[in-house]
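One structure is given here, and the rest of the page talks about it.
Here is the naming used below: chain letters follow the sequence lines, and residue numbers restart at 1 for every chain. Everything numeric here is computed off the predicted structure, so don't read it as measured data.
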Amino acid sequence: MARKILCVAEKPAIARAVATHLSGGSMQTHSIRGNQFVKNYEFDFNFGGIWGSCSVTMTSVVGHLTGLDFERQYKGWLSCPPGSLFEAPVHESVDNVRDKLPIAENIKNQARYSKALFIWTDCDREGEHIGSEVRHQARSGNSRIEVKRAKFSNTERAHVLRAAREPIELDEYQANAVAARIELDLRIGAAFTRLQTLQLQAVVAALKERVISYGSCQFPTLGFVVDRYLRVQNFKPETFWSIKVMLNREGKKVNFLWKRVHLFDRAAVTMMLERCLLAKQTKVTKVNQKPTSKWRPLPLTTVDLQMMGSRFLRLDSQTIMKVAEALYTKGYISYPRTETDQFDKAIDLKKLVEKQLPDNSWGQYAQGLLDGNFRTPRAGRHNDKAHPPIHPVCWVSPNSLAANERKVYEFVVRRFLACCSDDAKGQSTEIEIQYGEEMFHANGLIVLERNYLDVYVYDKWESSQQLPKFERGELFEPTEANISEGKTAAPNYLTEPELIGLMDANGIGTDATMAEHIAKIKEREYVATRARGSGRSAVQELIPTRLGVALVEGYDNVVSGLPNSVSLSKPFLRKEMELRMMEICSGTKTRQDVVQESLDMYRDVFIHTQRRIEMLKAACRKYLIEEAAS
DNA sequence: GCAAGGTC
């Protein structure tokens, strides 16, 4: 067999899974020198039309292979004005940390003897860029090597075999979009970080030796926390009034709620109630009884895992991701970083359900699914075309898991079984009445079939008190009708699941990094966590520190004079960068265009900040000296 | 001593 193909995946686990399928399980495994994670797998495979029978070496990288940095003379913080980092020369090199050099060497050496490089990185934007990094290494060993990539979105056997026989081209546009992102994040992050750190350290003693970093993701993340904090601080409660109608019938109390909910004008409400009382009788205008259901959850994505996890498992998002990664590495659950909330038709879900039969808590439930209760999961609207939704891969005894691992594993399994179940079914009743000119309603619910709720203990859906009988058109005199008074309540401080939801909705960070950004602004002491409530019902809330508030207020003051008022603590700038990346992907803009445009925009803000640096300093003095003293 | 994104 003369021809050799070099396959390179994005991570060791994919290399192993693909090699196993292509070789039918009979590959040879070799460790590489200098890296404990990456392995080379050797076997023969018939690629069909394109390359025919070949010997194959399948290996991997471990995420990005290279990093971008400034030339040496710009590395010292005092070596140049921070603003010059917008233009300073940069270079890409193999990261010397975490044993990446041996991985690069391995690819270069293997490429020497290979006819073709076959890239198996994830089929997303970052994956295309990692593929281009791999290509660069391979070409340094063999400049004439042919380059292809595999198109795949999971490691099901049939799917992998087809991908192996239908190679496509690397998407240069997507790789370029990522290259632009990398350069912008570096230049903008470093320039602003050095500027504000050097300037603010000199103002307040408390900031000496502290790094005050700026990042296009960490600042908007901080902005969300501060925004909510200010809304809580500035909240003024308002009194409102409402009309309540109650009827005693068949020994049951029925409370009717006002259609207007409440008003802030006491006199008006009093007058409305008086008109009701004048009418004496109320008339039933609607009796609506209909079947209703509570939908089973969607297949699990990373964002949902983090949001539901912080809410129900009492773990912060970073812990959840660490634990999920450990479960993935041990082969218990699928890849935990995914945006996909729809299962591919090719996945044999019943086989996965069957694996859970031995479990003491949910084994019986799983059996029920196999005995006829199984339903095809709902399909959400997201598909990253790289990974399936998070699901259990095999059953694992709770005894062999650490406490946090057990919690996360149990959540993943229960969620998966819930997805494969039927919706909960019930009957809802809505009674609407007219009393004078005003409308009121009462709602009832009877849960008839719990279905997925039996296994998905995190959702609550319970029958309300049963309503007595009403008939459309009937008249009755209410037992009570009066005014009730209430006060609007201040919003709560932001919780971690809420913050993740905001980041997700605004495109701040990715599924894999959102937890890191939150951890980063805690590490920088821009925000702190505090428990709201106590015991089992305690919730962690995020509260900005004085420094966090000072930075947001200071920058808002700085840019308030700019014509299109760009705020560094709002998500808009990041969103704009995302839109420009998409333009590179669609071919309407080049990488150079986008880098130039974005740098011009941020350079404006930067120069403005330098000119009005006093406003930033003043905000820090205000919060860190005056307030600390008072 | 800076970023964000991969992954371990």
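- With sequence neighbours excluded, no residue forms a ring pair (Phe, Tyr, Trp, His ring centres under 6.0 Å) with A:Phe224.
- Within the nucleic acid shown, A:Asp69 comes within 4.0 Å of at least one base atom, counting heavy atoms only.
- Within 4.0 Å of A:Arg524, counting heavy atoms only, lie sugar-phosphate atoms of the nucleic acid but no base atom.
- Contact check, A:Arg574 against B:dG5: a side-chain N or O comes under 4.0 Å of OP1 or OP2.
- Every pair passing salt bridge (charged side-chain N to carboxylate O under 4.0 Å, His left out) that includes a residue from residues 400-409 of chain A is listed here, sequence neighbours excluded: A:Lys330-A:Glu405.
- For the segment residues 600-615 of chain A, the set of residues with a heavy atom within less than 4.0 Å of an atom of DNA chain B is empty.
- Aromatic stacking of A:Trp77 on B:dG1: satisfied, with centres closer than 5.5 Å and planes within an angle under 30 degrees.
- Across the protein-nucleic acid pair, A:Lys208 atom NZ and B:dG1 atom P stand 19 Å apart, rounded to whole Å.
- Among the protein residues, A:Pro12 comes within range of the sugar-phosphate backbone only, with heavy atoms under 4.0 Å from sugar or phosphate atoms but none that close to a base.
- Within 4.0 Å of A:Glu133, counting heavy atoms only, lies no atom of the nucleic acid at all.
- The environment of CD in A:Glu87 is crowded: more than 12 heavy-atom neighbours from other residues, nucleotides or ligands sit within 6.0 Å.
- Going from atom CZ of A:Arg187 over to atom C1' of B:dG5 covers 18 Å, rounded to whole Å.
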Taking distance alone, no hydrogens or angles, what donor-acceptor pairs closer than 3.5 Å link side-chain atoms of residues 320-329 of chain A to residues at least two apart or in another chain?
from: A:Glu325; atom 1: OE2; to: A:Arg337; atom 2: NH1; distance (Å): 2.3
from: A:Thr329; atom 1: OG1; to: A:Glu325; atom 2: O; distance (Å): 2.6

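- Mapping A:Leu198 and A:Val61 onto DNA chain B via the closest heavy atom, the residue that lands nearer the 5' end is A:Leu198.
- Between the CD atom of A:Glu92 and the C1' atom of B:dG5 there is a distance of 13 Å, rounded to whole Å.
- When heavy atoms are screened at a 4.0 angstrom cut-off, A:Ile14 is found touching no nucleic acid atom at all.
- Rounded to an integer number of Å, the gap from A:Ile130 CD1 to B:dG5 C1' is 8 Å.
- If you measure from atom CZ of A:Arg72 to atom P of B:dC2, you get 20 Å, rounded to the nearest angstrom.
- Considering only residues two or more places apart in sequence or on other chains, A:Phe86 meets the ring pair (Phe, Tyr, Trp, His ring centres under 6.0 Å) condition with A:Phe606.
- Residue-level contact check: A:Phe219 touches neither bases nor backbone, having no heavy atom under 4.0 Å from any strand.
- To the nearest 0.5 angstrom, A:His129 atom NE2 is 6.0 Å from A:Thr66 atom OG1.
- If you measure from atom CZ of A:Phe192 to atom C1' of B:dC2, you get 13 Å, rounded to the nearest angstrom.
- A:Lys617 has its side chain within reach of A:Leu200: a pair of non-hydrogen atoms, C-beta onward, lies under 4.5 Å apart.
- Residue pairs satisfying the side chain to side chain donor-acceptor pair (under 3.5 Å) criterion with at least one member in residues 177-198 of chain A, sequence neighbours excluded, are listed as follows: A:Glu126-A:Arg181, A:Arg181-A:Asp185, A:Glu183-A:Arg187, A:Asp185-A:Ser216, A:Asp185-A:Arg574, A:Gln196-A:Tyr555.
- Residues in residues 72-81 of chain A take part in these salt bridge (charged side-chain N to carboxylate O under 4.0 Å, His left out) pairs, two or more places apart or across chains: A:Asp69-A:Lys75.
- In this structure, A:Met581 atom CE and B:dA4 atom C1' are separated by 10 Å, rounded to whole Å.
- Nearest-nucleotide positions on DNA chain B place A:Ser216 closer to the 5' end than the other of A:Ala13 and A:Ser216.
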- request: Decide yes or no on salt bridge (charged side-chain N to carboxylate O under 4.0 Å, His left out) for A:Arg621 and A:Glu614, but give the supporting numbers first.
  value: CA-CA 10 Å; A:Arg621 278 191 209 101; A:Glu614 264 315 312; 3.7 Å; yes
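- Phosphate contact (OP1/OP2 of B:dT7, side-chain N/O of A:Arg337, threshold under 4.0 Å): present.
- Dashed line: the shortest gap from a side-chain N or O of A:Thr197 to OP1 or OP2 of B:dC2 is not under 4.0 Å.
- Scanning residues 504-519 of chain A for heavy-atom distances under 4.0 Å to DNA chain B yields A:Gly509, A:Thr510, A:Ala512, A:Thr513, A:Glu516, A:His517.
- Between A:Tyr74 and the phosphate of B:dC2, there is no side-chain N or O to OP1/OP2 separation shorter than 4.0 Å.
- Only A:Arg181, A:Ile182, A:Asp185, A:Leu186, listed by number, bring a heavy atom of residues 176-186 of chain A to less than 4.0 angstrom from any atom of DNA chain B.
- Separating the CG atom of A:Leu195 from the C1' atom of B:dG1 is a distance of 15 Å, rounded to the nearest angstrom.
- Among residues at least two apart or in separate chains, salt bridge (charged side-chain N to carboxylate O under 4.0 Å, His left out) pairs with a member in residues 515-524 of chain A are A:Glu496-A:Lys522.
- Nucleic acid contact for A:Glu10: sugar-phosphate only, since backbone atoms but no base atoms lie under 4.0 Å from a heavy atom of the residue.
- Every side-chain contact (heavy atoms from CB on, under 4.5 Å) that A:Val549 has, sequence neighbours left out, goes to A:Tyr229, A:Pro544, A:Tyr623.
- A:Tyr214 comes within contact range of the sugar-phosphate backbone alone, with a heavy-atom separation under 4.0 Å but no base atom that close.
- Among residues two or more places apart in sequence or in another chain, the side-chain contact (heavy atoms from CB on, under 4.5 Å) test is passed with A:Gln174 by A:Arg125, A:Glu128, A:Asp171, A:Cys585.
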